[in-house]
Amino acid sequence: MIEPYLGEPKRTIEVLQKYDFVFQKKFGQNFLIDTHVLDKIVKASQVAKDDFVLEIGPGIGTMTQYLAAAAREVVAVEIDKALIPILQDTLQDFENVSVIHDDILKVDIQKLAEERNGGRPIKVVANLPYYITTPIIMGLFENHVPIDSITVMVQKEVADRMQVGPGSKDYGALSLAVQYYAEPYIVANVPANCFMPRPKVGSAVIRLTRHKIPPIVVKDENLLFRLIRASFNQRRKTLANGLNNDPGLSFTKEEIQQAIANCGYPAGIRGEALTLEEFGRLSNELSK
């Protein structure tokens, strides 16, 4: 198989000029132009020769080439139709790659995993557009798609948020949701000069390794996440007031206060002080 040759800035510029490509702000396009970072992402994703990889937003196919050299098969999903002819060109020598022109939020990944990987867990790798990072990651987890790991380039601030615990200003609903489904590990921070065009914010590569079994047992997963969202929607309020003010929850103020007391938490505690395990306990208490 041909070696990956994209990744050098001059190669990227050649491809973009050849096709008169114009960056689309609405798609949040920032292409990677650093071979060390590309190597780091593929290494961190632990992609092996028998793996099926789903890549989200391949751009001009830079990382796709690296993944194709490491994996059994790669399916890359690209939303921008202007990139499809470019990908057909840059990936033509990589026989184990196919490109789907679609919005990743509309792709039936479950079906893809069944057809291409016998229903076994797949690995997801992506340089994600920052404006849609959370919906993509949460969509992959919440839809219970068979996933082994998700290794993604995201805004540094978002990566930090995914791995912190209580007591940090970055701690929130995203931290808890990610940690319920996966073990987060920040692989590397990536400066703006590794991209074309340069983003205005710092970036980081984070690997989310899917838990085989969630770290806590809850009677009602939906309730757990409703409680988490409600308690962070109004961070300045106490946990009891935040839950009581949420129209999506049907408990009385007394029921909420009683459940908090039954868990042994102080009456004036705020949601941001609770660990995932403590939210699980509260959720189970309210599910009785």
Side-chain angles (χ1 to χ4, degrees), residues 4-42 44-45 53-68 74-92 94 97-107 109 124-140 150-159 161-162 187-208:
Y5 59 86
L6 288 171
E8 301 286 348
K10 69 174 200 310
R11 295 281 200 165
T12 300
I13 292 163
E14 280 167 16
V15 171
L16 298 177
Q17 285 176 342
K18 180 179 174 182
Y19 286 89
D20 294 324
F21 179 77
V22 179
F23 286 95
Q24 295 284 335
K25 206 163 187 182
K26 66 175 176 179
F27 294 138
Q29 291 167 332
N30 301 92
F31 299 159
L32 262 171
I33 50 165
D34 187 300
T35 54
H36 297 299
V37 175
L38 287 155
D39 282 332
K40 211 171 260 189
I41 293 171
V42 176
S45 68
V53 177
L54 171 67
E55 186 189 8
I56 302 166
I60 62 168
T62 306
M63 190 155 68
T64 323
Q65 291 189 347
Y66 281 72
L67 291 168
V74 180
V75 167
V77 178
E78 178 53 62
I79 195 170
D80 185 357
K81 70 172 187 291
L83 285 166
I84 302 304
I86 299 179
L87 288 163
Q88 284 166 346
D89 180 357
T90 61
L91 300 173
Q92 63 181 334
F94 295 84
V97 176
S98 43
V99 177
I100 296 173
H101 174 219
D102 207 344
D103 176 347
I104 190 63
L105 296 174
K106 295 177 182 162
V107 174
I109 302 168
V124 177
V125 184
N127 173 15
L128 286 181
Y130 296 158
Y131 73 99
I132 203 169
T133 297
T134 303
I136 289 175
I137 288 176
M138 293 321 298
L140 289 165
I150 303 174
T151 306
V152 286
M153 174 83 70
V154 296
Q155 194 172 331
K156 180 172 177 355
E157 186 188 305
V158 175
R161 229 181 285 158
M162 287 182 196
V187 174
N189 292 321
V190 183
N193 62 1
C194 295
F195 298 90
M196 181 185 294
R198 290 184 178 202
K200 292 186 173 70
V201 294
S203 307
V205 179
I206 189 165
R207 185 181 70 233
L208 309 172

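Keep in mind the model is a prediction, meaning the values are calculated, not measured. As a basis for the values below, the full set of heavy atoms in this structure was taken, side chains included, without hydrogen atoms, waters or symmetry mates. Numbering of residues begins at 1 and proceeds along the displayed sequence.
Residues Val190 and Phe195 meet the side-chain proximity criterion, which asks for heavy atoms closer than 4.5 Å. In this structure the side chain of Ile41 never reaches within 4.5 angstrom of the side chain of Val187, judged on heavy atoms. Contact check for Ile84 versus Glu78: side-chain heavy atoms found under the 4.5 Å cut-off. Counting heavy atoms from C-beta outward, Glu55 and Leu67 have side chains that approach closer than 4.5 Å. When side chains are defined from C-beta on, Lys156 counts as touching Asn189, because their heavy atoms get closer than 4.5 Å.
Nearest heavy-atom pair, Gln155 versus Tyr130, reported as atom, atom and distance to 0.1 Å: N-CE2, 3.1 Å. Here the closest non-hydrogen pair linking Ile56 and Ala126 is O-CB, 3.4 Å. Closest approach of Gln29 and Leu83 over heavy atoms only: NE2-CD1, 3.6 Å. Nearest heavy-atom pair across His101 and Ile79 is NE2-O, 3.1 Å. Minimum heavy-atom separation, Leu87 to Ile60: CD2-C, 3.5 Å. A pairwise comparison of heavy atoms in Val125 and Ser45 identifies CG2-CB, 3.8 Å as the closest pair.
With rounding to the nearest 0.5 Å, the separation of NZ in Lys81 from CG in Asp102 is 13.5 Å. For the atom pair CZ of Phe31 and OG1 of Thr12, the computed distance is 8.5 Å after rounding to the nearest 0.5 Å. Here the OG1-CG distance, from Thr62 to Asp34, works out to 11.5 Å after rounding to the nearest 0.5 Å.
In terms of the salt bridge (Lys or Arg N to Asp or Glu O under 4.0 Å) criterion, residue partners of Glu157 (sequence neighbours excluded) are, by chain and number, Arg161.
Atom NE2 of His36 has 12 or fewer neighbouring heavy atoms from other residues, nucleotides or ligands inside a 6.0 Å radius.
A donor-acceptor pair is defined here as one N or O able to donate and one able to accept, closer than 3.5 Å; no such pair exists between the side chain of Asn30 and the backbone of Met196. Looking at Arg198, its side chain never comes within 3.5 Å of a backbone N or O of Ala192 through a donor-acceptor pair.
Annotation: salt bridge (charged side-chain N to carboxylate O under 4.0 Å, His left out) contacts involving residues 10-23, sequence neighbours excluded, comprise Lys18-Asp89.
Remark: of the listed residues Ile33, Leu91, Thr90, Thr90 is the sole one forming a side-chain contact (heavy atoms from CB on, under 4.5 Å) with Leu6.
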